[in-house]
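Note sheet for the following structure.
Just so you know, ligand 1 is whichever comes first in the structure, and atom 1 is the first atom listed for that ligand.
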Amino acid sequence: MKKIVCNTYEDVCRFAADIFAQQIKDKPDSILGLATGSTPIGLYNELIRRSEAGEIDFSAARTFNLDEYFPIKASHPQSYKSFMEKHLFSKVKFANTRIFNGEAANPHAECAAYDAEIEAAGGIDLQLLGIGVNGHIAFIEPDTSYPLGSYLVNLAEDTLEANSRFFTDGEEQPVTALSTGLSTIFRARHLIMLVSGTNKVEIIKKLFEGMIHTDIPASLLHLHPNVTVIMDKAANGE
Ligand code: PGA
């Protein structure tokens, strides 16, 4: 696991955008794994800027998102489908974009279909990740055992708390979600995790103390051969 510390959040976003640009240059029809949350927004803004400037062409690339609340209507302002439309897909053209269907009649069938589509695409080339304050990646919440494939997750209390800021009064916050499983994440050829802000200092310290904790999903990534964690000084406690 490689650790990159940048001066500012903007530097983190530029560093990550360079990795995306190189990936698309090397393989225009890349399969990209995308993430939601506040951290990737600056990266998406930078990718939009570079795409509009003609510096990157995503039109042959396909995307799969890590997770989605369940159940949630696609049109709900807090669905990850809405998030991605707002922050990236309305401004950058991809060959195809795919997010878990938060309205699926059968969430387990949706998970199986999702995994099969990623498998058929040949797996993820470049996977973007964030990290939760509790060490979750995607919506793989701390536990003692984990399904390999995508699954319906009960969201942890600290995740619900952290994400409640996005839901305005009267908007019901889903307590379950569909999440990519560890096998998809581990089969991704390159993983980049973006981390920003002082609220991540404790989990970053724990992540880099040189141990695998089974109840910290992000620490399992030490077993993956190609992970780059890109953080600002604030997240590194500087
Ligand atoms: P954040 O979320 O970017 O909003 O901090 C990260 C995560 O929970 O994975």
[Y] backbone acceptor or donor facing [X] side chain under 3.5 Å:
{"X": "Y9", "Y": "G42", "value": "yes"}
{"X": "E68", "Y": "Y80", "value": "yes"}
{"X": "D125", "Y": "L32", "value": "no"}

_As a test of reading the model: which residues have a non-hydrogen atom less than 4.0 Å away from ligand 1?_
G37, S38, T39, G130, I131, G132, H136, R165, K200
Could you pull out all donor-acceptor pairs under 3.5 Å where a side-chain atom in residues 206-218 meets a protein atom, sequence neighbours excluded?
unit_1 : atom_1 : unit_2 : atom_2 : d
E209   : OE2    : H213   : NE2    : 2.8

Under 3.5 Å, side-chain donor or acceptor atoms of residues 85-95 against the rest of the protein: list the pairs with distances, not counting sequence neighbours.
unit_1 : atom_1 : unit_2 : atom_2 : d
S90    : OG     : E85    : O      : 2.6
K91    : NZ     : K86    : O      : 3.2

*Taking ILVMFWY side chains as joined if any heavy atoms are under 4.5 angstrom apart, and letting links pass through other members, which residues group with L148?*
none
